[in-house]
Amino acid sequence: TACANDGGTALCAAAADGNTSVVMALGTAGADLEKPDIDGSSPLLLACMEGHNDTVGALLRLGALADTADDAGFTPLFVAAQEGHTHVVQGLIDSGGTTVDVPSGEGATPLAIASECGHADVVRLLARSGSEVDAPNGSGATPLYMACQAGDLSMVKLLIELGADPQRQRDTGATPL
C-alpha cells in the first residue's frame, strides 16, 4: 500500500486500502485527486487495481480523471480488466469518463489483457461496451491469436462468439489458425 512515508499520499493510501470514508473526507477537503504515488499510480488507479468499487465510485464523483495512465501507460480501466474486477470495469464505463480501447504502454487494450488473464466476464462487458475484439497489441497479435497461442479453448470460443476474426493476420502474416 502506498503511504505518506514511502512517497505516496494519504489519498493514495486510503484509495489502495478501499477506505472510502477517508477518500471522501480528503477529497472534499481539497486533496489532489491526481497526485500519484512513487510509481506514478493515481489514487483511482490504485483503487481499481485492488477492486474497491465503492472507493472508485467516490473518486469518480469527486472528479478523478478516469483515463489517466500511470508511468507504465496503464489506465484504471486496464488494471481493473487485468485483475478481473468486473464491477469496477462496469463503474468506470458507466461514469462516461473512460475510453474502452485505450492501449497500455505496450499496446494492449483492456479487452486484450482481460482475455489473456482469462477474465471472460470482463471480456464480454468490454465487447458489449464497444471495445474492438480484434484490436492488436504492440506486436500485432489479436486477443484471439493470444488465446490460441495459450491454448485457452474457452476464451477462443468466447472471442469468436463476440466476432473475432480467425483469419486476421498479425504483422508477421500469421493467423490464429
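Along the sequence shown, residues are numbered consecutively beginning with 1.
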| task | Would you confirm whether His119, through its side chain, and His85, through its main-chain N or O, come within 3.5 Å as a donor-acceptor pair? | result | no
| query | Taking C-beta and beyond as the side chain, do Leu33 and Leu11 meet within less than 4.5 Å on heavy atoms? | reply | yes
| request: Could you tell me whether the side chain of Glu132 reaches within less than 4.5 Å of the side chain of Thr109, counting heavy atoms only? | output: no
| said: Looking at Thr99, is its backbone amide N or carbonyl O close enough to the side chain of Asp67 to form a donor-acceptor pair, meaning the two atoms are under 3.5 Å apart? | reply: yes
| said: Restricting to side chain to side chain donor-acceptor pair (under 3.5 Å), what partner residues turn up for Asp39, sequence neighbours left out? | reply: none
| remark: Nearest heavy-atom contact between Leu60 and Ala64 is CD2-O, 3.9 Å
| Taking all atoms of both residues into account, what is the closest heavy-atom pair of Ala66 and Gly97, and its distance? | CB-O, 3.3 Å
| Between Pro36 and Ser41, is any pair of side-chain heavy atoms under 4.5 Å apart? | no
| request: Please report the closest heavy-atom contact between Leu62 and Gly27, naming both atoms and the distance. | output: CD1-CA, 3.9 Å
| Would you say the side chain of Thr68 lies within less than 4.5 Å of the side chain of Glu34, judging by non-hydrogen atoms? | yes
| Members besides Ile113 in its Ile/Leu/Val/Met/Phe/Trp/Tyr cluster (side-chain heavy atoms under 4.5 Å) | Leu45, Met49, Phe74, Phe78, Val79
| task | Compare all side-chain heavy atoms of Leu144 with those of Ile160 and state whether any distance is below 4.5 angstrom. | result | yes
| remark: For Ser154, the side chain to side chain donor-acceptor pair (under 3.5 Å) test, sequence neighbours excluded, returns Asp152
| field | Val22 with Val56, same ILVMFWY side-chain cluster at under 4.5 Å | value | yes
| query | Do Arg168 side-chain atoms and Thr142 backbone N/O form a donor-acceptor pair below 3.5 Å? | reply | no
| task | Check for a donor-acceptor pair, side chain of His52 on one end and backbone N or O of Asn19 on the other, with a separation under 3.5 Å. | result | no
| If only atom types and distance count, is the side chain of Asp165 paired as donor or acceptor with the main-chain N or O of Gln167 below 3.5 Å? | yes
| task | Indicate yes or no: at least one non-hydrogen side-chain atom of Leu111 is less than 4.5 angstrom from one of Val100. | result | no
| message | If I take atom CD from residue Glu50 and atom CG from residue Leu46, how far apart are they, to the nearest 0.5 angstrom? | response | 7.5 Å
| request: For residues Leu126 and Val133, determine if any side-chain heavy atom of one lies less than 4.5 Å from a side-chain heavy atom of the other. | output: no
| query | Mind checking whether Arg124 and Leu158 have side chains closer than 4.5 Å, heavy atoms only? | reply | yes
| query | Is there a donor-acceptor pair under 3.5 Å between the side chain of Ser115 and the backbone N or O of Ala112? | reply | yes
